[in-house]
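The next block holds one structure in the form of structure tokens; read it before the comments.
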Amino acid sequence: MDDRKAPWYYLLLLILAGESVFILPFVLARVFRPTVLQVFELDNLQLGLCFSVYGIVALVSYLFGGPIADKYPPRKLIAVALWMTALGGLLYATFPSYTVLKLLYGYWGFTTIFLFWAPMIKANRVWGGTTSQGKAFGFLDGGRGLVGALFGALGVLIFSLFITGEVSEVSMSDSRAAFRQVILVCSGIVVIVGLLVWIFMKLDTTVEETIVLKKIELTQVSAVLRLPSVWLLMVIILCAYVGYKITDVFSLYAQDVMLYDQVQSAQVGTFLLFVRPVIGVLIGVLADRTQTTYWLLISFVVAFFGAILFASGLVTASVSGLFFLSILIVAAGVYAARSLYFAVMQRGRIPLVLTGTAVGMISLIGYTPDIFAGPAMGYLLDNSPGLEGHRDVFLMMALFYLIGGIAAWYYFRLYRTTKEEAVNKK
């Protein structure tokens with residue numbers, strides 16, 4: 001497809017929507033994890049189980065939402081998903097009971113996946129065309145990281161404005177009042193993004209007709225399942241996503257091990273979000289100039305060694321510099337892998353028109369960490385409080401990145417660039 005058929009603002013709207021939909025269920029919990037645990041009166045395992053409920057609903061949503069993305073235009077599905085997700089924010093702001101909170105996460109598992117995930121990936125493949133898949137997915141994930149960082153920074157600013165007195169001595173009622181404002185502002189922004197997508201994220205009619213199927217046949221589903229790239233991507237994404245989930249604990253690591261207060265630990269989470277856009281853009285440009293499959297392999301290697309640094313127990317309160325260096329190494333690998341694992345779909349010979357179906361199948365396995373990673377991290381952190389629990393979490397990450405690295409190596413060997421293609425790139 002001609003790269004010019006989808007304009008730049010199409011990608012910008014996709015980036016804005018791509019992170020906005022996950023602000024309420026994930027980004028706020030990542031940036032404000034200690035605060036979330038306090039105001040909802042949860043421990044790490046209970047928060048992890050909320051994520052598991054999300055993951056269970058998402059699992060079904062991936063399977064049935066994929067074909068929906070091949071049948072309807074992405075714009076309408078994405079806008080409705082944003083509005084439905086923002087509606088859940090109104091309940092979130094009431095600080096419901098643990099049971100209701102789990103139901104809310106189940107609701108978000110439906111709104112953010114069934115109507116949103118596969119349409120977003122498909123729309124991004126359309127923008128990338130035949131020559132810029134690395135750039136498209138690098139910019140998407142990097143841009144999403146920037147949007148998440150801006151949301152995080154805005155949240156920290158709002159939270160700090162509504163906190164009176166010493167941060168270290170803030171009461172439960174003050175924390176709830178401040179965090180409620182953060183939730184409501186973010187919900188309002190998500191609604192506005194949905195409106196922008198509905199109005200402006202349109203494709204030329206002839207282009208839209210080429211990416212939408214009138215009917216999904218079982219033979220098409222079986223054809224997708226016969227592709228080796230689909231099965232390898234299941235393993236690659238599963239392992240990479242475990243690492244992405246583990247980045248949620250950096251703000252908690254800052255509090256538990258580095259001894260930071262609530263605002264400082266939230267700032268660490270926000271700092272991490274600002275790393276993501278830089279990595280996404282750089283890796284996207286590099287991948288298109290060389291090979292997406294090669295850089296996907298390198299990303300697993302980098303993240304593996306970063307995880308080993310944390311698992312070693314060397315990162316303590318006495319070495320703040322090493323703490324931030326280790327975060328950068330882990331983030332570079334994790335965000336690079338996240339930027340590229342869908343960018344290699346074209347290299348793996350997955351048809352554009354069946355992107356939604358393929359993404360649904362791949363995600364069915366690839367995103368199972370939404371079910372088990374949260375409780376696993378919660379158990380390890382609660383069972384061994386402090387440094388020891390965090391070491392166990394990063395040891396788990398290293399193991400998954402070793403397995404994912406092997407799968408990425410095989411994908412690279414199977415779908416390496418030919419000499420003719422390498423010449424054409426130059």
Side-chain angles (χ1 to χ4, degrees), residues 1-8 10-15 18-19 74 117-118 120-147 211 227-230 232-233 236-237 239-241 243-244 275-303 331-352 355 358-359 362-363 366 404-405 407-426:
M1 181 176 290
D2 191 336
D3 294 345
R4 293 171 295 180
K5 289 182 180 177
W8 269 96
Y10 180 92
L11 178 62
L12 293 175
L13 285 170
L14 196 56
I15 287 168
E19 192 67 8
W117 184 247
M120 180 187 72
I121 301 300
K122 186 168 186 175
N124 203 50
R125 281 196 75 185
V126 170
W127 188 89
T130 57
T131 60
S132 301
Q133 289 295 301
K135 193 181 298 179
F137 283 95
F139 284 7
L140 175 65
D141 198 67
R144 287 177 60 195
L146 180 58
V147 171
I211 64 169
L227 296 170
S229 54
V230 168
L232 283 171
L233 280 173
I236 288 168
I237 293 176
C239 295
Y241 196 53
Y244 181 71
V275 175
R276 185 173 161 194
V278 177
I279 297 299
V281 171
L282 287 177
I283 202 69
V285 172
L286 276 173
D288 278 337
R289 290 178 180 272
T290 52
Q291 293 188 60
T292 51
T293 51
Y294 171 76
W295 287 103
L296 179 63
L297 172 59
I298 294 299
S299 68
F300 272 94
V301 174
V302 171
V334 168
Y335 293 147
R338 186 173 168 81
S339 296
L340 294 177
Y341 52 50
F342 280 120
V344 299
M345 289 180 73
Q346 181 176 297
R347 172 63 50 193
R349 301 166 194 151
I350 297 172
L352 175 62
T355 296
V359 168
I362 292 166
S363 300
W409 172 80
Y410 189 64
Y411 201 103
F412 167 68
R413 291 292 303 272
L414 196 59
Y415 300 107
R416 64 169 62 231
T417 302
T418 63
K419 290 181 180 179
E420 292 80 6
E421 290 170 325
V423 169
N424 289 336
K425 276 181 177 288
K426 293 178 181 178

Quick one: list whatever passes side chain to side chain contact (heavy atoms under 4.5 Å, CB included) with Leu13, sequence neighbours left out.
-> Tyr9, Leu196, Phe200, Met201
By ring pair (Phe, Tyr, Trp, His ring centres under 6.0 Å), which residues pair with Tyr411, not counting sequence neighbours?
-> Tyr415
Evaluate the side-chain proximity of Ser363 to Phe342: yes if any heavy-atom separation is below 4.5 Å, no if none is.
-> yes
Using only heavy-atom distances, determine whether the side chains of Arg347 and Thr293 contain a donor-acceptor pair under 3.5 Å.
-> no
Output all residues satisfying ring pair (Phe, Tyr, Trp, His ring centres under 6.0 Å) with Phe300, sequence neighbours left out; order by chain, then residue number.
-> Tyr401
Of all residues at least two apart in sequence or in a different chain, which pass the side chain to side chain contact (heavy atoms under 4.5 Å, CB included) check with Leu12?
-> none
Determine the interplanar angle of the Phe139 and Trp127 rings, folded into 0 to 90°, and report it as parallel if under 30°, tilted if 30 to 60°, perpendicular if over 60°.
-> tilted
To the nearest 0.5 Å, how far apart are OH in Tyr410 and CD1 in Ile236?
-> 11.5 Å
On a heavy-atom basis, the closest approach of Phe137 and Ser339 is CB-O, 3.1 Å
Mind checking the CG-CG spacing from Leu140 to Leu14? Nearest 0.5 Å is all I need.
-> 5.5 Å
Minimum heavy-atom separation for Gly134 to Asp288, with atom names?
-> N-OD1, 2.9 Å
For Val302, all residues meeting side chain to side chain contact (heavy atoms under 4.5 Å, CB included), sequence neighbours excluded = Ile298, Ile329, Ala332
Non-neighbouring partners of Arg276 that pass salt bridge (Lys or Arg N to Asp or Glu O under 4.0 Å), sequence neighbours left out | Glu19, Asp141
Gln133 side chain to Val344 main-chain N or O, any donor-acceptor pair under 3.5 Å?
-> no
Is the Tyr244 ring parallel, tilted or perpendicular to the Tyr335 ring (thresholds 30°, 60°)?
-> perpendicular
Answer whether the closest heavy-atom distance between the side chains of Leu296 and Ser299 falls below 4.5 Å.
-> yes
If every non-hydrogen atom of Met345 is compared with every non-hydrogen atom of Ala358, which pair is closest and at what distance?
-> CE-CB, 4.1 Å
Do the non-hydrogen side-chain atoms of Asn124 and Leu11 ever get within less than 4.5 Å of each other?
-> yes
What heavy-atom pair brings Ala240 and Ala337 nearest, and what distance separates the two atoms?
-> CB-CB, 4.2 Å
Is there a side-chain contact between Arg338 and Tyr241, using heavy atoms and a 4.5 Å cut-off?
-> yes
Closest non-hydrogen atom pair, Ser229 against Ile350 = OG-CG1, 3.6 Å
State, to 0.1 Å, how close Leu297 and Ala408 come at their nearest heavy-atom pair, and which atoms those are.
-> CA-CB, 4.0 Å
Would you call Leu414 and Leu232 a side-chain contact if the rule is heavy atoms closer than 4.5 Å?
-> yes
